[in-house]
S.K.: 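One structure is given below, represented as structure tokens, and several questions about it will come after.
Given the structure is predicted, the values throughout are model-derived calculations rather than measurements. In what follows, chains are A, B, ... by sequence order, proteins preceding strands, each numbered from 1.
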Protein chains: 2
Amino acid sequence: MTAPVPATTEPPAPRRSRRDSRRPQLLDAAARRFRRGGYSATSMRDIAGDAGMLAGSMYHHFPSKEDLLVAVHEEGIRRITKAVEEALDGVRGPWQRLEAAAAAHLAVLLDGGDYAVVVIRELPHESAALRRTLAPVRDAYEDIFRRLVDDLPLSAATPRHHVRLMLLGALNWSQTWYRPGGEAPEAIARGFIRLLRGEH
Amino acid sequence: MTAPVPATTEPPAPRRSRRDSRRPQLLDAAARRFRRGGYSATSMRDIAGDAGMLAGSMYHHFPSKEDLLVAVHEEGIRRITKAVEEALDGVRGPWQRLEAAAAAHLAVLLDGGDYAVVVIRELPHESAALRRTLAPVRDAYEDIFRRLVDDLPLSAATPRHHVRLMLLGALNWSQTWYRPGGEAPEAIARGFIRLLRGEH
DNA sequence: AAATAAACCAAACAAATGTTTGTTTGATAA
DNA sequence: TTATCAAACAAACATTTGTTTGGTTTATTT
């Protein structure tokens with residue numbers, strides 16, 4: 001059980017070449033199932049089957065079903081954060097920046113695959129431990145929008161948190177009514193921002 | 001299996017006086033559990049236990065778990081519809097009416113018990129049959145807001161569906177961040193409407 | 001008081017659940 | 001070649017799931 005005596009020369013770069021090569025596949029399958037059926041209604045056999053293996057084999061890649069959800073969450077947050085930050089790059093003007101962020105957020109949420117949807121919809125009321133793990137990551141993401149709203153030229157009487165909550169709520173809720181082929185995410189985001197700016 | 005021969009005199013008002021007296025209790029328990037844990041993660045034994053009976057005994061009141069969810073949905077829609085219609089009663093002015101409806105919607109959703117939350121959050125992606133049953137009722141409710149938005153004095157260039165989707169999205173999403181003791185539902189609704197009106 | 005029927009219990013049912021175990025496979029490294 | 005090790009299988013594990021069955025209590029009606 002004790003650690004082996006370290007060699008004088010480095011154990012030179014473990015070099016486990018194709019290690020865990022099917023992990024992305026499993027994660028994809030999990031994200032798809034979690035999105036379509038929800039976490040509780042999805043079984044390990046469902047996911048394993050989609051990835052072409054048996055349920056037990058998954059435990060070589062993930063120690064539990066909860067860990068799968070956590071991994072999907074983290075990947076989802078990673079993707080949506082990256083998309084928003086890239087969309088903000090080089091954009092100037094506070095309203096333009098907010099609109100760019102909103103459009104990117106929507107694009108990932110509506111046309112960007114299953115991960116982001118799971119992040120948004122599957123707030124884990126299941127386990128308190130899970131919530132403690134995931135809440136900070138979500139909060140960090142929402143801080144991006146907090147800053148963007150802070151930079152808006154609003155009258156001092158306008159409560160900024162209303163602006164943020166209203167916009168993010170409208171954006172996040174869109175996955176319940178959006179159907180592919182309808183209005184494009186960018187158009188929806190532009191429309192929402194226009195309403196917020198009071199242009200009507 | 002054939003229906004009994006109808007008597008010449010009415011089978012005079014079945015008069016089952018206190019029949020199904022514990023149905024409300026069961027429904028309450030189900031709504032609470034569905035809200036807190038979600039439909040799939042809630043077991044029949046959970047609900048039965050909360051109502052002080054065994055799981056099997058529930059089948060004298062509801063033929064299946066799905067029927068329980070349907071019943072909770074219907075009761076939730078009934079309550080929220082009633083609250084909004086009562087709030088609209090006597091209110092004049094298109095913006096005032098929209099704000100009154102939004103405030104009532106929020107009040108039921110945030111402080112009005114478990115039924116409405118289940119209606120809003122637990123869109124049944126589980127069963128297609130379930131969805132067909134519940135979707136029309138939800139649509140009928142949203143029509144109230146559709147009409148209210150149609151009555152607003154907006155420039156012809158303003159897409160009305162953006163207004164409706166943005167407001168309802170913001171309202172419905174509020175249950176994810178609202179904590180009792182914070183800003184009152186009426187204040188939140190007023191703030192959102194003010195933003196929509198462009199007063200800032 | 002007798003009869004009827006609703007409400008409930010106690011126990012079981014088959015199926016599905018997340019997870020564990022022991023073993024086999026196939027590629028890589030010594 | 002031989003040893004190693006990740007990856008997967010096959011099978012079982014103990015629980016939990018929604019639901020059914022048959023009998024017993026309880027309340028209402030005749």
Side-chain angles (χ1 to χ4, degrees), chain A residues 1 3-5 7-30 33-34 37-72 122 124 126-127 129-130, chain B residues 4 7 9-30 33-34 37-72 122 124 126-127 129-130:
Chain A
M1 275 319 124
V5 181
T8 52
T9 56
E10 287 263 330
R15 245 48 205 96
R16 52 283 187 88
S17 65
R18 245 195 258 129
R19 191 167 133 144
D20 239 357
S21 69
R22 313 207 44 199
R23 191 189 147 105
Q25 245 180 95
L26 281 175
L27 229 54
D28 280 356
R33 287 284 188 170
F34 290 164
Y39 174 76
S40 299
T42 298
S43 80
M44 294 295 266
R45 285 165 180 82
D46 290 335
I47 302 171
D50 290 353
M53 65 172 71
L54 295 183
S57 312
M58 283 201 295
Y59 286 80
H60 275 269
H61 304 272
F62 296 93
S64 76
K65 190 188 178 187
E66 267 201 8
D67 284 271
L68 251 176
L69 178 57
V70 170
V72 169
E122 205 77 23
E126 342 259 328
S127 143
L130 240 186
Chain B
T9 55
E10 286 264 330
R15 243 49 205 94
R16 53 281 187 92
S17 65
R18 241 194 258 129
R19 194 168 129 144
D20 240 356
S21 70
R22 312 204 49 196
R23 192 189 146 103
Q25 246 180 95
L26 283 174
L27 229 55
D28 281 356
R33 287 285 187 169
F34 289 165
Y39 174 76
S40 298
T42 299
S43 79
M44 294 296 265
R45 284 165 179 84
D46 291 334
I47 303 171
D50 290 352
M53 64 173 70
L54 295 183
S57 311
M58 282 201 295
Y59 286 80
H60 276 269
H61 304 271
F62 295 94
S64 76
K65 190 188 178 187
E66 267 201 8
D67 283 272
L68 252 176
L69 178 57
V70 171
V72 170
E122 205 76 23
E126 342 259 328
S127 143
L130 240 186

S.K.: What's the CG-P distance between A:Asp67 and C:dG18, to the nearest Å?
M.R.: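 My rounded result for the distance is 14 Å.
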
S.K.: For B:Phe62 and D:dT20, give me the distance from atom CZ to atom C1', rounded to whole Å.
M.R.: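 In whole Å, D:dT20 C1' and B:Phe62 CZ are 19 Å from each other.
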
S.K.: Return yes if some donor-acceptor pair links the side-chain N/O of A:Arg22 with the main-chain N/O of A:Met53 below 3.5 Å, else return no.
M.R.: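 Looks like no, no N/O pair under 3.5 Å.
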
S.K.: Are any of the side-chain heavy atoms of A:Met44 and A:Leu68 separated by less than 4.5 Å?
M.R.: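 The answer is yes, as the side chains (C-beta and beyond) meet within the 4.5 Å cut-off.
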
S.K.: Please state how far atom CZ in A:Arg22 lies from atom C1' in C:dG26, giving the value in whole angstrom units.
M.R.: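 To the nearest whole Å, that distance equals 14 Å.
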
S.K.: Any stems for DNA chain D, made of 3 or more Watson-Crick or G-U pairs in a row, each with both distances under 3.5 Å?
M.R.: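 Runs of three or more consecutive pairs: C:1-12 with D:19-30, C:14-17 with D:14-17, C:19-30 with D:1-12.
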
S.K.: Under the side chain to side chain donor-acceptor pair (under 3.5 Å) rule, collect the residues that match up with B:Ser57, sequence neighbours excluded.
M.R.: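 Partners of B:Ser57 under the side chain to side chain donor-acceptor pair (under 3.5 Å) test: none.
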
S.K.: Tell me, which of residues 48-61 of chain B have any heavy atom that sits under 4.0 Å from an atom in DNA chain C?
M.R.: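 B:Gly52, B:Met53, B:Leu54, B:Ser57, B:His60, B:His61 - these, ordered by number, are the residues of the stretch whose heavy atoms sit under 4.0 Å from the strand.
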
S.K.: Output the distance between atom OH (A:Tyr39) and atom CD (A:Glu122), rounded to the nearest 0.5 Å.
M.R.: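 The OH atom of A:Tyr39 sits 9.0 Å away from the CD atom of A:Glu122.
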
S.K.: For B:Phe62 and B:Leu27, work out which heavy atoms get closest and say how close.
M.R.: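 Where B:Phe62 meets B:Leu27 most closely, the heavy atoms are CZ-CD1, 3.2 Å.
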
S.K.: Between A:Glu66 (CD) and C:dT19 (C1'), how many Å, whole number?
M.R.: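 Those two atoms, CD and C1', are 14 Å apart.
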
S.K.: For nucleotides 15-17 of chain D, list the nitrogen or oxygen atoms of the protein found under 3.5 Å from its nitrogen or oxygen atoms, one pair per line.
M.R.:
none

S.K.: For B:Ser21 and B:Pro24, work out which heavy atoms get closest and say how close.
M.R.: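 In this case the closest contact between B:Ser21 and B:Pro24 is O-CD, 3.3 Å.
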
S.K.: What heavy-atom pair brings A:Thr42 and A:Gly38 nearest, and what distance separates the two atoms?
M.R.: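 Minimum heavy-atom contact is OG1-O, 2.7 Å.
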
S.K.: Under the salt bridge (charged side-chain N to carboxylate O under 4.0 Å, His left out) rule, collect the residues that match up with B:Asp50, sequence neighbours excluded.
M.R.: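 So B:Asp50 forms a salt bridge (charged side-chain N to carboxylate O under 4.0 Å, His left out) with B:Arg33.
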
S.K.: I need the full list of salt bridge (charged side-chain N to carboxylate O under 4.0 Å, His left out) pairs touching residues 40-49 of chain B, with sequence neighbours left out, sorted by first then second residue.
M.R.: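 Found none.
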
